[in-house]
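First the proteins, then the strands, lettered A, B, ... as listed; each starts at 1. Values below: every heavy atom of this structure, side chains too, minus hydrogens, waters and symmetry copies.
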Number of protein chains: 2
Amino acid sequence: MAGAAGGSRTATLGDVASRAGVSLATASKAINGRDQVAPRTRARVIAAAEELGFTPNALAQSLTAGRTGTVGLLTSDLEGRFVIPILMGAEDAFGAGQVNVFLCDARGDAIREQHHIRALLNRRVDGIIVVGRQTDPRPSLGHELPVPVVYAYSPSDDPTDHSLTPDNRSGGRMAVEHLIACGRSRIAHISGDPSYAAAQDRDHGFQAAMRDAGLEQVGHTMFSAWSEVWGRDAASLLLRSHPDIDGIVCGSDQIARGVLDTLRDLGRSVPGDVAVIGYDNWEVLATNARPELTSIDNNLEELGRLAARRLFDAIAGRTLAPGTEHLPVKLTIRGSTIPHQ
Amino acid sequence: MAGAAGGSRTATLGDVASRAGVSLATASKAINGRDQVAPRTRARVIAAAEELGFTPNALAQSLTAGRTGTVGLLTSDLEGRFVIPILMGAEDAFGAGQVNVFLCDARGDAIREQHHIRALLNRRVDGIIVVGRQTDPRPSLGHELPVPVVYAYSPSDDPTDHSLTPDNRSGGRMAVEHLIACGRSRIAHISGDPSYAAAQDRDHGFQAAMRDAGLEQVGHTMFSAWSEVWGRDAASLLLRSHPDIDGIVCGSDQIARGVLDTLRDLGRSVPGDVAVIGYDNWEVLATNARPELTSIDNNLEELGRLAARRLFDAIAGRTLAPGTEHLPVKLTIRGSTIPHQ
DNA sequence: CTGTTAGCGCTTTCAG
DNA sequence: CTGAAAGCGCTAACAG
């Protein structure tokens with residue numbers, strides 16, 4: 001049942017050939033659309049293939065071709081919300097063509113990662129995409145690998161590798177500029193875990209934008225965790241010391257959700273009294289907030305697609321430009337910064 | 001750079017053999033730990049392999065072995081929160097061994113799915129796990145496939161296939177029984193989209209448990225969407241018509257979050273006045289709620305692991321038992337049903 | 001146009 | 001113990 005073993009061995013090209021009464025070579029040409037095959041012959045071969053339910057053995061094909069049409073997607077943390085959209089983007093870009101993706105989750109363990117790389121190379125993948133869970137640089141796989149490697153989200157710590165990561169700095173700047181455009185000037189920043197490069201980079205963008213606008217930040221950037229709980233606590237601290245605040249930039253949508261809760265508890269209207277902007281544009285959180293949450297979107301799916309395309313290019317022989325590319329993020333405006341008409 | 005093409009073609013077993021001054025056959029045996037190889041010879045071969053950075057070509061190995069040590073993971077919707085833990089579980093169970101996973105996302109499109117199956121079979125995967133995004137039955141892949149298939153989360157609509165899905169009925173029952181154990185008796189049910197089998201099954205479990213306890217449900221089960229917004233609206237309707245309620249079973253954690261918000265707005269204490277229980281145990285939502293949310297956990301990762309093990313067994317030749325297996329869910333207790341001491 | 005002949009890289013009898 | 005030889009399934013020159 002359920003295909004367990006089953007009856008007859010799966011048909012080979014040889015079977016097709018003899019059933020069609022031609023040679024192996026001719027059968028191959030006929031099926032692969034090579035010219036130099038008489039139309040009638042080709043038809044006969046194709047018919048035979050259908051009848052036998054012939055499935056070309058990609059292993060054998062790859063063996064001669066030298067390429068397998070497979071790539072490895074090496075992630076350190078499947079759980080992470082960030083890996084998934086990237087993975088989708090990549091799967092998407094590849095899936096359109098003839099490429100299949102080996103998914104490997106190293107669980108953040110270097111040994112396991114090494115093991116997976118080994119396996120991928122044994123299987124002769126044509127290339128590898130390494131997807132990290134933070135934007136902090138990660139150790140390079142080195143340049144000894146026989147296939148091209150692209151780093152996504154976490155850049156490689158080796159500047160000669162090719163890495164793609166979101167532009168968190170400009171995200172921080174964008175958040176501030178949007179609040180200013182909304183007429184705010186007394187702006188604070190509540191961020192997440194300060195050990196994350198993302199937290200620091202966004203803050204740098206925040207600072208730069210404030211400076212450029214000639215504004216002074218209300219209080220200091222508050223760092224702690226990426227959670228709602230922290231968002232609630234931080235907002236309550238902040239409002240106690242700076243009740244006149246009119247805009248809050250948050251390091252994540254979770255933090256923003258917490259901030260919104262506290263503002264509501266304190267009777268401040270959003271965006272009337274205070275405008276709030278989140279980060280990540282995590283749909284399910286953003287669209288269910290009261291009011292719905294304006295947020296900065298990292299465009300991760302696009303990042304994944306681009307990583308895939310870059311890898312393609314490299315596989316095709318083009319040389320990967322060394323360095324880390326910072327991809328543009330985008331603003332998604334909802335009710336927490338601009339009131340519904 | 002970055003491994004693009006690079007210098008010397010990757011070493012073959014032949015290269016190793018001649019460098020070690022032995023025949024191909026001997027080299028093979030030495031490397032694969034076959035006995036009947038002189039210890040010194042083996043050492044020499046292994047050294048040669050190291051020096052050349054030899055990587056056995058899994059394609060060639062598979063070609064003779066008849067098995068590839070790969071499986072396909074066919075999902076209809078990577079985006080979905082439910083697919084990921086299952087995928088992790090499977091990757092986990094496989095990853096421990098020598099198996100690699102091809103990830104294919106059909107985007108809910110039957111054509112694309114067909115296309116992916118084709119590709120997987122061409123690559124001679126040893127088996128396939130089909131992961132759906134709802135617990136509603138999905139079309140079977142049929143029994144014509146030359147490899148075993150296991151269905152996870154979405155069961156197959158063909159009862160002779162082997163499917164694993166969470167036991168939503170007992171989840172619904174468990175939620176009620178927990179509220180009763182917490183001393184509640186005026187219990188309502190706010191659920192999600194009624195077109196989902198999950199919504200119906202959980203409700204059946206709910207009804208049965210109420211009946212068994214001799215309790216009458218407060219109002220009727222309210223169906224609409226799996227969102228926070230709906231949870232807020234539903235709770236507000238419910239409390240207007242039934243202010244004396246003391247327990248609410250929710251169809252999802254998102255709904256429960258909405259319910260909690262409304263209760264807070266209305267000044268009802270949780271769990272003092274009303275106990276609330278969610279479903280899915282979505283950590284990031286549950287642990288950031290006020291109070292933290294008790295929830296039913298579908299154990300998806302375990303489901304994924306089990307699916308992988310089942311597939312293993314089938315690949316090894318054991319016959320898959322026909323039918324849909326309903327896997328146990330578990331209760332995760334937090335502050336929304338039992339007050340902190 | 002079609003068929004014969006080498007391989008791709010590796011494993012596995014089966015003789016030495 | 002070691003090696004020669006025959007494939008695994010397919011493709012790519014070459015000749016016919």
Atom CZ of B:F54 to atom C1' of C:dT11: distance rounded to whole Å?
12 Å
From CG of B:N57 over to P of D:dC8, roughly how many Å is that when rounded to an integer?
18 Å
Considering every strand and a 4.0 Å limit on heavy-atom distances, what is the contact class for A:R34: base, sugar-phosphate, or nothing?
sugar-phosphate
Taking atom CZ as the centre, does B:R81 end up with more than 12 heavy-atom neighbours from other residues, nucleotides or ligands that are less than 6.0 angstrom away?
yes
Rounded off to whole Å, could you give me the CZ-to-P distance for the B:R67 and D:dC8 pair?
18 Å
Roughly how many Å is it from CG in B:N122 to C1' in D:dC10, rounded to a whole number?
13 Å
Roughly how many Å is it from CG in A:N32 to C1' in D:dG9, rounded to a whole number?
12 Å
Mark yes or no for whether A:R305, through its side chain, and A:F94, through its backbone, hold a donor-acceptor pair below 3.5 Å.
no
Between D:dC10 atom C1' and B:R123 atom CZ, what is the distance in whole Å?
15 Å
Have A:D161 and A:S140 got a donor and an acceptor in their side chains that come within less than 3.5 Å?
yes
Inspect the contact between A:E325 and A:R310 and indicate whether a charged nitrogen and a carboxylate oxygen are less than 4.0 angstrom apart.
yes
At under 4.0 Å, does any side-chain N or O of B:T12 touch on OP1 or OP2 of C:dC10?
yes
Between B:Q61 and C:dT11, does any side-chain N or O lie under 4.0 Å from OP1 or OP2?
yes
Output a table of nitrogen or oxygen pairs between the protein and nucleotides 1-5 of chain D separated by less than 3.5 Å.
| unit_1 | atom_1 | unit_2 | atom_2 | d |
| --- | --- | --- | --- | --- |
| D:dT2 | OP1 | B:T41 | OG1 | 2.5 |
| D:dT2 | OP2 | B:A38 | N | 2.9 |
| D:dT2 | OP2 | B:T41 | OG1 | 3.3 |
| D:dG3 | OP2 | B:S23 | N | 3.0 |
| D:dG3 | OP2 | B:T26 | OG1 | 3.1 |
| D:dG3 | O6 | B:K29 | NZ | 2.5 |

Side chains of A:T160 and A:D158: donor-acceptor distance under 3.5 Å anywhere?
yes
Do A:H162 side-chain atoms and A:V150 backbone N/O form a donor-acceptor pair below 3.5 Å?
no
Return the value, rounded to whole Å, for the distance between atom CZ of B:R124 and atom C1' of D:dC10.
11 Å
Separation of B:D15 atom CG from C:dC10 atom C1', in whole Å?
13 Å
Any Lys/Arg nitrogen of A:D105 or A:R107 sitting under 4.0 Å from an Asp/Glu carboxylate oxygen of the other?
yes
